[in-house]
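Reckoned from all heavy atoms, side chains included, excluding hydrogens, waters and symmetry mates.
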Amino acid sequence: MSTATDSTDHLLEGLNPSQREAVTLPDGPALVIAGAGSGKTRVLTSRIGYLLGEGRARPHEVLAITFTNRAAGEMRERVDQLVGASRGMWVMTFHAACGRILRREADRLGYRSNFTIYDQADQVRVVKACLEELGRDPKRFPPRGIHSRISSEKNRLVSATQFRENIGNFFEQVVADVFELYERRLHASNAMDFDDLLVRSVDLLESFDDVRERWQGAFNHLLVDEYQDTNHAQYRIVRLLSDAHRNVFVVGDVDQAIYTWRGADIRNILDFERDFPDARVVRLEQNYRSSQRILDAANAVIENNAGRIEKRLWSDLGMGEPIRVIEAEDEHDEARIVAARIGGLLEGGSSASDIAVFYRTNAQSRVLEDLLVRHGVPYQVIGGPRFYERAEIKDAMAYLSVLDNPSDEIALRRIINQPRRGIGDASVDRLSATAGFSGRSLWTALEDPEGAGLATAAARSVRAFRAMMDDLRDRAVELPVGDLMELLLERNGVIELLEAERTIEASGRIENLQELVGVAREYVARSEEPSLAGFLQEVSLTADADALAAADESGGGRVTLMTLHNAKGLEFDAVFVIGMEQNLFPHARSIEEANIEEERRLCYVAITRARRELVLVYARQRTLFGARGFNAPSQFIAEIPENLIEHERRPAAFGSTTRGGSSSGWQPSSAGATTQLQGIAPRDDAPTLSVGDNVMHDQLGEGVVTGTADGGQVIVRFRSDGSERRLLLAYAPLKRI
DNA sequence: GGTAGCACCAAAAGC
DNA sequence: TGGTGCTACC
């Protein structure tokens, strides 16, 4: 019998022997090799519960690291369900944990604890500004490229100075110059980028013995999920924080490492046993998700990779259905096949939410969406524009950033003339230059606009802006952040302006802003110590507020479309992978860069998402970037043993319009309503319409006239889809209602 | 200061 | 093909 006491018995119920072994391991380093669908989250949460139940750790002594906020939230929830004790426990991402540590120790590094966190767009903007200052042509040196180089150097803990010592060509020379300037600018703005959160934490822990000891003592158990996704900086943090107690419990799967292109270093997991020679290693190979046939396919494919830890998934769910491989004529045929098969599954009683379609590149979703709409299949696309990247949200957040940290020049520049208040680029440049001369911040320069040589009108606007911000800063002291947000939106006049616009887009923006106020209120209600800075920190580390939440809540009853990368961690009864072609998947770029192994891992991830049914589709020809091309079927198809596959080949297409029953009644809608009406005789009973009239269109439904134009044109916004169309009065089937 | 037109480019995306 | 970012204009 194990040493489990009554309080921990229930944590081990239903675990298989390997899972149980992992959960109950003694203190010391541990590596859990967790295959897809092997219950790793369960092992992690049970392990935490077990440590608490055994009295080996108190909640605040546990640091559990995940890679996404979502995963952190789920883990916290499951720990709560298990032992109801996640309060005070650090269950969060690397970035959030580092941010928290850095806020407390900021002064050691010459930062103020209210430092701002720049997101990707901010970072690129700074790079661009640096290039301009250095007089480098952004065409020859694209800011995004320079930025990504700087970021990858930082993730490898290479400083600007170290980088300069090893430059080999002119491009790197420019990168080195920008790198140095970029770091100085961020520091001057009391700002950190995402990489800084990790890099500065390493600096902090390495440079200050007392700080290191304090944080090493703060936790006595460190757990890391998705360890194969750690980059070098994160690896150093794990080492630094676990050095004293060495209770480091990492879970991962090399075969699911699909993020090396963004800095993840699989050597971290491959070398774990070298780093910790006394590490206990547990393999979780029993899969609770898929049929054996699906696992056989996954195993066979991944065995072609060299750099891996030997592992073979098995399941007791039976052999299941054969894997279907289908040849399509082109991407339209492919979409038709998938839509029809999905239709069949739905008729057979499957739930749409149990079905997913994966593709390598986002652009592939479009054709399929068309077909699903025609077939009346409800679907959702994961990915796309994110809540916190929308302009109005970023503007509102920039206001908050300036209120909290007026040194944040990027944020200040963003809002100083937003909404328009007559402070143009020229004025801002003057203010900034004046500030630069006297070594002050742009914010300080706003106190004396005349001193910077601004004209009276501009100076007045600057004073008014500064007065408004000062006032808001005063209010920020007592006002909860939700109320503060509401107040500033009222004061800066954004809502009023949007309301005046009276367009669909504007009311969408208002809704977004209201949602943001709601998010802030919700933050205040939920936090132990709500603050403006805390809210900013949380938001800047959250990128996906709506996309994934929406997937959970409104996702019921919808087929899910997403990229292969987004599929990690999810599972569906039926999985379709489209675009199974050489050059598309594996992607041409990966082939060029000899990165086939990572693409193969992506394929492994895709296959192992399926519970019962897996359909792989390739097209003989496809239009890419406007050009038609032929590709061979993906090499990964050939890597699946033939006896697991059932091939289906459609008879050669005769002409696409006559195929597919449910799409037959559909009429293609051409781009503009005016062209659609070509060849129809003009009518003479056309109504006279003016702006504001409500109208009815035979095909497009109800709408409102928003303008008129020469040649008898009328501009109508339709209620059904919010689209605005230019119609010819003489032809359009319109009547006033 | 706003936008129409045009040239250019094109993988994936967490924090 | 379609989205984006810059220039040239109003």
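B/dA11 sits 25 Å from C/dC6 when the C1' atoms are compared, rounded to a whole Å. For the P atoms, the distance linking C/dG5 with B/dA12 amounts to 15 Å, nearest Å. Only the C1' atoms considered, C/dG3 is 23 Å distant from B/dG14, to the nearest whole Å.
Contacts of A/Gln537 with the nucleic acid, taken as non-hydrogen atoms under 4.0 Å apart, are absent. Residue-level contact check: A/Asn155 touches neither bases nor backbone, having no heavy atom under 4.0 Å from any strand. Among the heavy atoms of the strands lying under 4.0 Å from A/Glu593 is at least one base atom, whether or not backbone atoms are also near. If you check every strand for non-hydrogen atoms under 4.0 Å, A/Gly424 touches sugar and phosphate atoms only.
In terms of polar N and O atoms assigned as donor or acceptor, the side chain of A/Arg360 comes within less than 3.5 Å of the base of B/dA12 in a complementary pairing. In terms of polar N and O atoms assigned as donor or acceptor, the side chain of A/Ser590 comes within less than 3.5 Å of the base of B/dA11 in a complementary pairing.
Here B/dA11 is the nucleotide among B/dA13, B/dA11, B/dC15 with the atom lying nearest to any side-chain atom of A/Glu599.
Looking at heavy atoms from C-beta onward, A/Leu102 lies in side-chain contact with A/Leu197 at the 4.5 angstrom threshold.
Residues from residues 253-264 of chain A that place a heavy atom under 4.0 Å from any atom of DNA chain B, listed by number: A/Trp261, A/Arg262.
Projected onto DNA chain B by closest heavy-atom contact, A/Phe194 and A/Leu602 fall at different nucleotides, the more 5' of which corresponds to A/Leu602. If A/Arg144 and A/Ile423 are placed on DNA chain B by their nearest nucleotide, the residue sitting closer to the 5' end is A/Ile423.
Contact annotation: A/Asn362 side-chain N/O to B/dA13 OP1/OP2 distance is under 4.0 Å. Note on A/Asn69: every side-chain N or O is 4.0 Å or more away from OP1 and OP2 of B/dG14. Side-chain N/O atoms of A/Ser540 include none lying less than 4.0 angstrom from OP1 or OP2 on B/dC15. For A/Asn566 and B/dA13, the shortest distance from a side-chain N or O to OP1 or OP2 is below 4.0 Å. The shortest distance between the side-chain N/O atoms of A/Asn595 and the OP1/OP2 oxygens of B/dA12 is not below 4.0 Å.
For A/Arg185, the CZ atom sits in a packed shell: over 12 heavy atoms of surrounding residues, nucleotides or ligands are nearer than 6.0 Å.
The side-chain hydrogen bond (donor to acceptor under 3.5 Å, both in side chains) pairs that include a residue from residues 250-259 of chain A are A/Asp253-A/Gln256, A/Asp253-A/Lys311, A/Asp255-A/Arg308, A/Asp255-A/Lys311, A/Gln256-A/Arg609, where partners are two or more places apart or lie in different chains. Each side-chain hydrogen bond (donor to acceptor under 3.5 Å, both in side chains) pair with one or both residues in residues 231-240 of chain A, not counting sequence neighbours, appears once here: A/Asn155-A/Asn231, A/Glu206-A/Arg236, A/Tyr235-A/Arg239, A/Tyr235-A/Asp275. Every pair passing salt bridge (charged side-chain N to carboxylate O under 4.0 Å, His left out) that includes a residue from residues 575-589 of chain A is listed here, sequence neighbours excluded: A/Glu581-A/Arg622, A/Arg589-A/Glu593.
Spacing between atom CZ of A/Arg622 and atom C1' of B/dA10 amounts to 15 Å, rounded to whole angstrom units. Rounded to whole angstrom, the span from the CD1 atom of A/Ile65 across to the C1' atom of B/dG14 amounts to 14 Å. Summarising the geometry, the separation between CZ on A/Arg589 and C1' on B/dA12 is reported as 10 Å, rounded to the nearest angstrom. The distance from atom CG of A/Asn231 to atom C1' of B/dG14 is 11 Å, rounded to the nearest whole Å. Distance CZ (A/Phe67) to C1' (B/dA13): 13 Å, rounded to an integer number of Å. One atom, CZ of A/Arg70, and another, C1' of B/dA13, lie 15 Å apart when rounded to the nearest Å. Rounded to whole Å, the distance from CD on A/Glu226 to C1' on B/dC15 is 14 Å.
Checked against A/Tyr118 for a side chain to side chain donor-acceptor pair (under 3.5 Å), the options A/Asp196, A/Asp408, A/Asp193 give a single hit: A/Asp408. Remark: of the listed residues A/Gln635, A/Arg360, A/His587, A/Arg360 is the sole one forming a side chain to side chain donor-acceptor pair (under 3.5 Å) with A/Glu599.
Between the side chain of A/Asp404 and the backbone N or O of A/Ser401 there is no donor-acceptor pair closer than 3.5 Å.
Taking a centre distance below 5.5 Å and an interplanar angle below 30 degrees as the stacking criterion, A/His565 does not stack against the six-membered base ring of B/dA12.
The aromatic rings of A/Phe535 and A/Tyr523 sit tilted relative to each other, their planes meeting at an angle between 30° and 60°.
Looking at residues two or more places apart in sequence or on another chain, you find a salt bridge (charged side-chain N to carboxylate O under 4.0 Å, His left out) between A/Glu226 and A/Lys40, A/Lys568.
With A/Phe636 as the aromatic partner, A/Arg600 does not meet the cation-pi criteria of under 6.0 angstrom to the ring centre and within 45 degrees of the ring axis.
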### Summary
Protein-proximity profile, nucleotides 1-10 of chain C, B/S/- by nucleotide at the 4.0 Å heavy-atom cutoff, equals B-S--S----
